**Q** 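The structure's right below; bear with me while I get my questions together.
Small disclaimer: the values here were computed from a predicted structure and weren't measured.
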Amino acid sequence: MTTPPSPPVVLTLAGSDPSGGAGIQADILTLASLGCHPLSVITAITVQDTVGVNDLMVLDSDWVNDQARFLMEDMPVAAFKIGMLGSVENVAVVSQLIADYPDIPVVLDPVLASGGGHELADEDLIGAMRDMLIPQVSILTPNSLEARRLASNDPDEDEELTLDQCAERILALGSPYLLITGTHENTKEVINSLYGQDGVVRADHWERLPGSYHGSGCTLASAIAGMLATGLLLPEAVREAQEYTYQTLLNGFRPGMGQFLPDRMFWARGDDEEDGDAAKS
């Protein structure tokens, strides 16, 4: 009996969201849905639900480092996905980790605030990301609000930067690619723009769905990491990950009193419903 091929392994580093909407739980669901084997390194523990974050405890950087190092010594990792890190010390140990594995693609979702508006990063942490982390990643995936914070040299800057200006400043830090999502922009459609060192690589337009979603950014970044782990080139991985994420939102559900959650396993439930309908006919 031949041994079946192993699924690609993706290591995600992020905070825990007990609602399952965002954070490490969203990463695990997304990666598993795409046929990857997710390894999870928890950087912080949160008290939150679908309405918002109530409290946050950042893990000691030694714990974050040890979780990751033990896994890296045991299994071959095809891609990294980085979410909320929570402290400058965690940024430092994760930066050193990926520096030790320079051939593995890295997707950074620079989580600076929760969907409900709870601040998750101060200026010191943002500065550490600019200096230590962003120069090493393959792509980062901020929404437009996060892009403006990352690009701003002065938090009290009066003039709002255009997204093209944000991209120019962020890419100058060293990352070869940047995907800015346009959910928070005042446009009829959601426009997600992939920038490279020579400008816009592609701009994808998506129908703006009603409602507010918790975990869409985590889903998109994890999906990109999963697509890269399967061997897709980065622009193609970004396009396929957007299509997957859009389907999770289109099939989103509202289990609590707050935001909608993406359904990362929409394809499984869709097949069940079709089978059930066929049985009834």
Side-chain angles (χ1 to χ4, degrees), residues 14 21-23 26 52-53 81-85 107-123 125-127 129-130 133-134 137-197 199-224 234-235 237-239 241-246 248-249 252 259-260 262:
V53 177
K81 185 269 177 180
I82 303 171
M84 184 187 74
L85 294 178
V107 180
L108 170 62
D109 178 17
V111 181
L112 307 182
S114 69
H118 188 98
E119 288 293 326
L120 301 174
D122 59 17
E123 293 306 314
L125 195 152
I126 292 173
M129 291 173 63
R130 288 195 195 105
L133 199 53
I134 291 176
V137 305
S138 309
I139 182 173
L140 60 158
T141 62
N143 61 42
S144 56
L145 302 180
E146 292 164 337
R148 289 190 171 97
R149 285 190 68 185
L150 289 170
S152 177
N153 297 322
D154 179 0
D156 298 320
E157 199 167 22
D158 291 332
E159 184 179 351
E160 184 173 82
L161 297 170
T162 67
L163 295 184
D164 286 347
Q165 289 172 323
C166 291
E168 184 177 357
R169 290 189 184 184
I170 295 170
L171 289 169
L173 298 173
S175 173
Y177 288 101
L178 166 71
L179 176 67
I180 301 181
T181 58
T183 305
H184 296 282
E185 296 299 285
N186 186 24
T187 54
K188 183 178 179 182
E189 294 180 303
V190 174
I191 304 171
N192 298 335
S193 299
L194 176 65
Y195 295 87
Q197 291 294 332
V200 176
V201 176
R202 62 178 305 132
D204 295 294
H205 296 240
W206 301 95
E207 178 188 357
R208 186 173 291 278
L209 301 174
S212 174
Y213 295 85
H214 179 51
S216 56
C218 303
T219 305
L220 176 59
S222 297
I224 294 172
L234 196 141
V238 167
R239 179 64 180 84
Q242 287 182 81
E243 177 62 42
Y244 168 80
T245 302
Y246 181 74
T248 70
L249 301 179
Q259 295 175 295
F260 284 79

**Q** If every non-hydrogen atom of V200 is compared with every non-hydrogen atom of A203, which pair is closest and at what distance?
**A**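 In this case the closest contact between V200 and A203 is CG1-N, 4.3 Å.
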
**Q** List the steps, then state whether side-chain contact (heavy atoms from CB on, under 4.5 Å) holds for L150 with L173.
**A** CA-CA 10 Å; L150 289 170; L173 298 173; over 6 Å; no

**Q** Would you give the length of the straight line joining atom CD of E189 to atom CH2 of W206, rounded to the nearest 0.5 angstrom?
**A** 10.5 Å

**Q** Just how far is it from atom CG of L194 to atom CG of L179, taken to the nearest 0.5 Å?
**A** 6.0 Å

**Q** I need the minimum non-hydrogen distance between T187 and G182, along with the two atoms involved.
**A** OG1-O, 4.4 Å

**Q** How many angstroms lie between CD1 in I82 and CG in L133, if you round to the nearest 0.5 Å?
**A** 4.5 Å

**Q** When L108 is tested against each of V137, I139, L85 for side-chain contact (heavy atoms from CB on, under 4.5 Å), which residue passes?
**A**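 Passing option: V137.
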
**Q** Please tell me whether Y195 and E168 have a donor and an acceptor in their side chains that are separated by less than 3.5 angstrom.
**A**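 There is no such pair between these side chains.
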
**Q** With rounding to the nearest 0.5 Å, note down the distance linking CD in E207 to CG in L249.
**A**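 These two atoms lie 11.0 Å from each other.
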
**Q** Would E146 and T141 count as a side-chain contact (heavy atoms from CB on, under 4.5 Å) if you check the C-alpha gap in whole Å, the side-chain angles of each, and the deciding distance to 0.1 Å?
**A** CA-CA 9 Å; E146 292 164 337; T141 62; over 6 Å; no

**Q** For a quick test of reading the model, state the closest non-hydrogen atom pair linking A22 to C218 and the distance between them.
**A**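 Result for this residue pair: CB-SG, 3.8 Å.
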
**Q** Looking only at non-hydrogen atoms, find the nearest pair between S216 and T245 and report the distance.
**A** O-CG2, 3.9 Å

**Q** Could you tell me which non-hydrogen atom of Q259 sits nearest to which non-hydrogen atom of Y213, and how far apart they are?
**A** NE2-O, 3.5 Å

**Q** Got a second to check how far N143's CG is from T181's OG1, nearest 0.5 Å?
**A**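 Rounded to the nearest 0.5 Å, the CG-OG1 separation comes to 5.0 Å.
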
**Q** Look up atom CG in L161 and atom OG in S144, then write down how far apart they are to the nearest 0.5 Å.
**A**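 The OG atom of S144 is 12.0 Å from CG of L161, to the nearest 0.5 Å.
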
**Q** Please step through side-chain hydrogen bond (donor to acceptor under 3.5 Å, both in side chains) for the pair S152 and R169, ending with a clear verdict.
**A** CA-CA 8 Å; S152 177; R169 290 189 184 184; 5.4 Å; no

**Q** Any idea which heavy atoms bring K81 and A221 closest together, and the distance?
**A** CE-CB, 3.8 Å

**Q** Are the side chain of N192 and the backbone N or O of H205 linked by a donor-acceptor pair below 3.5 Å?
**A** no

**Q** Out of V238, L234, I224, which one pairs with Y177 under the side-chain contact (heavy atoms from CB on, under 4.5 Å) rule?
**A** L234

**Q** Take a 6.0 Å sphere around CD of E185 and say whether it holds more than 12 heavy atoms from other residues, nucleotides or ligands.
**A**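 Yes - once you tally the heavy atoms of other residues, nucleotides and ligands closer than 6.0 Å, there are more than 12.
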
**Q** Quick check: does any side chain N or O of R148 sit under 3.5 Å from a backbone N or O of C166, one acting as donor and the other as acceptor?
**A** no

